[in-house]
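A short write-up of the structure that comes next.
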Amino acid sequence: MSDQDSTRGHPAGGGDVRHDTFTIARRLDAPPAEVFAAFADTHVRRRWARLPGSGSAYHHEFRVGGGETARSTFTVLDAPPEHLDYRSRYLDIVPDRRIVYVYASTVNDVLRWTSLVTVQLDGDAGSTDLAWTEQVAFLARTGDGSADLPHLRGATALRLNGLAVTLRPPERPGAPTSFTHVLDQRSTS
């Protein structure tokens, strides 16, 4: 029997779902309006939020009911290419304060995980405290599944590092970074 039912893009036996929740918090050296704009403005967003790989296609519509689609092909030495597909839908947007969306991540036509993401922004004219909380349902595992959550959490942390760099004004070489890692915690349900 194969690992997946290729007609539906789901693993065979589909009842084995693992749920996890994690929060990553960052203090960013930019006001909430600027951080919010980095999520909303498609050209700025593409600088820090994109799929790895080549041959990418991308569409973003920042509004409640809108969303994002992205596709790419990721290749690693001595491994077959992986075809990545990401689709999201915005559920709630409060300018400069909150963004709530759902997304699905597909690899080689297999739905791997879905998530509910809440991004909260709090701050003043000089900085923003960002809290990214993600509630994920892993539908198909990589191997025994033990690396799935660390992979997702690590990729999210790297993406938020990219956000911090995107928000940073040009600095002289050797200047300190413009963000402080505040919290990275995980709880499992």
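Computed over heavy atoms, backbone and side chain alike; hydrogens, waters and symmetry mates excluded. The model shown is predicted, which means the values in this text are computed figures rather than measured ones.
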Which atom pair, heavy atoms only, marks the closest approach of [X] to [Y]?
X      : Y     : answer
Leu163 : Trp48 : N-CB, 3.5 Å
Ser127 : Pro32 : O-CD, 3.9 Å
Ala137 : Val17 : CB-CG1, 3.9 Å
Ala70  : Tyr58 : CB-CD1, 3.9 Å

Any chance you could measure [X], atom [atom1], to [Y], atom [atom2], to the nearest 0.5 Å?
X      : Y      : atom1 : atom2 : result
Leu130 : Arg26  : CG    : CZ    : 9.0 Å
Thr114 : Phe138 : OG1   : CZ    : 9.5 Å
Arg153 : Leu158 : CZ    : CG    : 12.5 Å
Tyr90  : Phe39  : OH    : CZ    : 8.5 Å
Glu61  : Thr42  : CD    : OG1   : 9.0 Å
Leu167 : Leu28  : CG    : CG    : 6.0 Å

Practice item. Verify, without hydrogens or angle tests, whether Arg112 (side chain) and Ala140 (backbone) share a donor-acceptor contact under 3.5 angstrom. Key: yes
Point to revise | Sidechain-backbone polar pair: Trp113 side chain, Leu152 backbone, donor-acceptor under 3.5 Å | key: no
Partner residues of [X] under the side chain to side chain donor-acceptor pair (under 3.5 Å) criterion, sequence neighbours left out:
X      : result
Gln135 : none
Ser115 : Glu134
Thr118 : none

Set of side-chain contact (heavy atoms from CB on, under 4.5 Å) partners for [X], sequence neighbours left out:
X      : value
Ala155 : none
Ala33  : Asp96
Val64  : Ile93
Arg47  : Thr166

Exercise for review: Please indicate whether Arg89 has more than 12 foreign heavy atoms, meaning atoms of other residues, nucleotides or ligands, lying under 6.0 Å from its CZ.
Suggested key: no
Exercise for review: Any pair with a residue in residues 30-45 that passes salt bridge (charged side-chain N to carboxylate O under 4.0 Å, His left out), sequence neighbours left out, goes on the list, sorted by first then second residue, please.
Suggested key: Arg45-Glu68
Point to revise | ILVMFWY clustering at 4.5 Å (side-chain atoms), partners of Leu116 | key: Leu91, Val100, Val102
Review point. When Ile, Leu, Val, Met, Phe, Trp and Tyr are grouped by side-chain heavy atoms lying under 4.5 Å apart, directly or through other members, which residues fall in the same group as Val94?
Key: none
Point to revise | ring-ring contact (aromatic ring centres under 6.0 Å, His included) partners of Trp132, counting only residues at least two apart | key: none
Practice item. Please determine if Asp122 and Arg97 form a salt bridge, counting it only when a charged side-chain N lies under 4.0 Å from a carboxylate O. Key: yes
Check your understanding: Would you call Arg18 and Asp148 a salt bridge, taking side-chain N to carboxylate O under 4.0 Å as the test?
Key -> no
Point to revise | Shared hydrophobic cluster, Val35 / Val44 (ILVMFWY, side-chain heavy atoms < 4.5 Å) | key: no
Mind listing the side-chain donor-acceptor pairs of residues 74-86 below 3.5 Å, one per line with the distance, residues two or more places apart or on another chain?
{"from": "His83", "atom 1": "ND1", "to": "Thr73", "atom 2": "OG1", "distance (Å)": "3.3"}
{"from": "Asp85", "atom 1": "OD1", "to": "Arg71", "atom 2": "NE", "distance (Å)": "3.3"}
{"from": "Asp85", "atom 1": "OD2", "to": "Arg87", "atom 2": "NE", "distance (Å)": "3.1"}

